[in-house]
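Since the structure comes first, as structure tokens, the remarks are kept for the end.
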Amino acid sequence: MIYIPTPEEFSYKELLKFLSRNEKECLHSIIDDVIFKVLEIDNELVLFSISFNNGLVATIHTDNQSQVIQEKVRTYIEDWFDLTADLKAFYDIAQQDLILFQLCQKYHGLRMVGMPNLFESLVWSVIGQQINLNFAYSLKQRLVHTFGKSFTFQGETFYALPTPETLAGLQIEDFQPYQFSRGKAQYIINISKAFVEGILSQQKLALLSYDEIKKQLVAIKGIGNWTANYSMMKSLKSYDAFPVEDVGLHNAVKTQYGLAGKPSIAELHQMSANWSGWRGYATFYFWHSLLG
DNA sequence: TACCAGGATGTTG
DNA sequence: CAACATCATGGT
């Protein structure tokens, strides 16, 4: 068993709400408030579950429970649920924007639910480009169920993210039975190859500045401004990365501010000046507001 | 029916 | 460089 203390500003309730936002989510499962996930660590599947009891309590269900595996699971969870961010600092600057501040009070203790694996956030954001979220989750489910490894435990089957090696070996036509557009298929292949060939490395990117990371990301066909910023906030702890083109953000801002229409990109840049340093985090709170 | 979805790219004027 | 077409399908 792995005990992971949680910071003062932490809400398991809001975390579960976000993790439960779509029933087609296939890279984690929630059963009776317990979170299950499979990771592929050193070419080996690791299934673990997480519950809350005065801190997070993780349990590994696969055979290998070595110290190394335990520490990797611990690190993954700390990263996934963003346990180290200074939320007080975010709440401080949020006072400059009444609407955002109200969201911070309503969702107090909500931490950015990230994607510790950069490859995952890039693939997921390409899938989500331009189409509605439900359809995006369907595409992701087909991709993961077809090309991801799985592990069955107590009658439930859990899936791991397909590896870059697996997806890099596919052709555009391999995606078409699953209703991917040729563009999406090519973009996913491009990204997968970049990881396999070492052109993209999460470890290396993590050492660079925002501008340098973004430059490397958008150099790949299929990664534009939205995808780069989305992945940087979800996978690289760029709390100020701002996916300003995001339709979900537009809808949430319209609702929360009571606007007549959706805000323009220019208006969003102006508004977000008040969120400076935490524009990604603010975006995440606005997304969360779409869940009620 | 037309238009919009967690956009990005290639082409055209 | 801005405007437009294209993608592939589900939802409204």
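Because the structure is predicted, anything quoted here is derived from the model rather than measured. Residue numbers begin at 1 in each chain, while the letters A, B, ... track the order of the sequences. Only heavy atoms go into these numbers, but all of them, side chains included; no hydrogens, no water, no symmetry mates.
- The interatomic distance linking Ile265(A) (CD1) with dA8(B) (C1') rounds to 14 Å, in whole Å.
- Using a cut-off of 4.0 Å between Lys/Arg side-chain N and Asp/Glu carboxylate O, Glu8(A) and Lys88(A) are scored as salt-bridged.
- OP1 or OP2 of dA8(B) has at least one side-chain nitrogen or oxygen of Thr227(A) nearer than 4.0 Å.
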For this session: Map every base of DNA chain B to its dot-bracket character, where paired means a Watson-Crick or G-U wobble contact with both distances under 3.5 Å and | marks a partner outside the strand.
Result: .||||.|||||||
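- Side-chain proximity of Phe135(A) to dA8(C), dG7(B), dG11(C): nearest is dA8(C).
- Look at Lys184(A) and you won't find any side-chain N or O under 4.0 angstrom from OP1 or OP2 of dT9(B).
- A donor-acceptor pair is defined here as one N or O able to donate and one able to accept, closer than 3.5 Å; such a pair exists between the side chain of Gln96(A) and the backbone of Ile93(A).
- Note on Gln179(A): a side-chain N or O is less than 4.0 Å away from OP1 or OP2 of dG10(C).
- Of the candidate nucleotides dG7(B), dA8(C), dG10(C), dA8(C) has the atom lying nearest to any side-chain atom of Ser181(A).
- The ring-ring contact (aromatic ring centres under 6.0 Å, His included) test with Phe18(A) is passed by exactly one of Phe284(A), Tyr107(A), Tyr12(A): Phe284(A).
- Put simply, CG on Leu217(A) is 14 Å from C1' on dA8(B), counting in whole angstrom units.
- Note: Tyr257(A) and Phe286(A) have parallel aromatic rings, judged against thresholds of 30 and 60 degrees for the angle between ring planes.
- Using a distance-only test at 3.5 Å, with no hydrogens or angles considered, no donor-acceptor pair links the side chain of Asp82(A) to the main chain of Val113(A).
- Within 4.0 Å of Ile220(A), counting heavy atoms only, lie sugar-phosphate atoms of the nucleic acid but no base atom.
- When ring centroids are compared, Phe90(A) and Tyr285(A) come within the 6.0 Å threshold.
- Between Tyr137(A) atom OH and dT9(C) atom C1' there is a gap of 18 Å when expressed in whole angstrom units.
- Judged by distance alone, the side chains of Ser11(A) and His108(A) never bring a donor and an acceptor atom under 3.5 Å apart.
- Nearest-nucleotide mapping onto DNA chain B: of Val218(A) and Gly128(A), the residue sitting toward the 5' end is Gly128(A).
- A residue-by-residue look at Ile223(A) and Leu133(A) shows that Leu133(A) has its nearest nucleotide of DNA chain B further toward the 5' end.
- A cation-pi arrangement, defined by a distance under 6.0 Å to the six-membered ring centre and an angle within 45 degrees of its axis, is present between Lys37(A) and Trp80(A).
- Between the P atoms of dA2(C) and dA5(B), the separation comes to 23 Å (whole Å).
- The CZ atom of Arg142(A) sits 7 Å away from the P atom of dG10(C) (whole-angstrom rounding).
- Across dT9(B), dG7(B), dA5(B), the shortest atom-to-atom separation from the side chain of Tyr187(A) is found for dT9(B).
- When distances are taken from the side chain of Lys221(A) to each of dA5(B), dT9(B), dA8(C), the shortest belongs to dT9(B).
- To the nearest angstrom, C1' of dT9(C) lies 17 Å from OH of Tyr178(A).
- For the residue pair Trp275(A)/Asp97(A), the side-chain donor-acceptor check at 3.5 Å is satisfied.
- Under the 30°/60° scheme for interplanar angles, the aromatic rings of Phe147(A) and Phe175(A) are found to be tilted.
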Output a table of donor-acceptor pairs, distance under 3.5 Å, between side-chain atoms of residues 154-164 of chain A and any protein atom two or more places apart or on a different chain; print 'none' if there are none.
{"from": "Thr157(A)", "atom 1": "OG1", "to": "Thr152(A)", "atom 2": "OG1", "distance (Å)": "2.9"}
{"from": "Thr163(A)", "atom 1": "OG1", "to": "Thr166(A)", "atom 2": "N", "distance (Å)": "3.1"}
{"from": "Thr163(A)", "atom 1": "OG1", "to": "Thr166(A)", "atom 2": "OG1", "distance (Å)": "2.9"}

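- You'll find that the side chain of Lys262(A) is closest to dA5(B), out of dA8(C), dA5(B), dG7(B).
- The NZ-P distance, from Lys140(A) to dA5(B), rounds to 21 Å in whole Å.
- DNA chain C lies under 4.0 Å from no heavy atom of any residue of residues 16-25 of chain A.
- One can place CG of Asn134(A) at 16 Å from P of dT9(C), the figure rounded to the nearest angstrom.
- Nucleic acid contact for Leu139(A): none, since no nucleic acid atom lies under 4.0 Å from a heavy atom of the residue.
- One P atom belongs to dG10(C), the other to dA8(B), and the distance between them is 23 Å to the nearest Å.
- Nucleotide dT6(C) holds its P atom 23 Å from the CZ atom of Phe180(A), rounded to whole Å.
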